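Inspection log for the structure reproduced underneath, given as structure tokens.
Because the structure is predicted, anything quoted here is derived from the model rather than measured.
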Amino acid sequence: MSKLLVFVELINPRISYIFDLIFHQLHGMPVELTTDLVYFDKSDEPKLIYAKVWRDKVPTINPHTLLF
């Protein structure tokens with residue numbers, strides 16, 4: 001099973017917990033968080049951005065300060 005690669009600007013316990021809960025525990029999809037944009041761009045895994053960074057054809061969620 002492929003994993004979901006999520007680009008975030010900062011990995012912290014809240015971010016890790018929420019993404020693990022929503023995608024892995026509730027939907028069974030493993031999640032990998034990364035702050036490395038080069039690695040993110042090169043990956044062929046399904047992707048999501050949770051940051052103020054934009055890429056064509058990649059779903060993006062505007063981050064909320066509560067998780068940071």
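Taking all atoms of both residues into account, the shortest heavy-atom contact from Ser2 to Pro30 is O-CD, 3.9 Å. Nearest heavy atoms, Leu33 versus Ile11: O-CD1, 3.7 Å.
Residues Leu4 and Glu45 have side chains not in contact (no heavy-atom distance under 4.5 Å, counting atoms from C-beta outward). Looking only at side-chain heavy atoms (C-beta outward), Lys52 and Asn62 come within less than 4.5 Å of each other. Between Val8 and Pro63 the shortest side-chain heavy-atom distance does not fall below 4.5 Å. Residues Val31 and Asp20 have side chains not in contact (no heavy-atom distance under 4.5 Å, counting atoms from C-beta outward).
The distance from atom NZ of Lys3 to atom CE of Met29, rounded to the nearest 0.5 Å, is 11.0 Å. Remark: Asn12 CG to Leu10 CG distance equals 5.0 Å, nearest 0.5 Å.
Between Phe19 and Phe23, the ring-plane angle classifies as parallel under the 30° and 60° cut-offs.
Taking Asp41 as the reference, Arg55 meet the side chain to side chain donor-acceptor pair (under 3.5 Å) condition, with sequence neighbours excluded. Residues meeting the side-chain contact (heavy atoms from CB on, under 4.5 Å) test with Lys42, sequence neighbours left out: Val38.
Counting Ile, Leu, Val, Met, Phe, Trp and Tyr side chains that sit under 4.5 Å apart, directly or through other members, Tyr39 shares a hydrophobic cluster with Leu5, Phe7, Leu37, Phe40, Ile49, Val53, Val58.
No more than 12 heavy atoms of other residues, nucleotides or ligands sit less than 6.0 Å from atom CG of Asp44.
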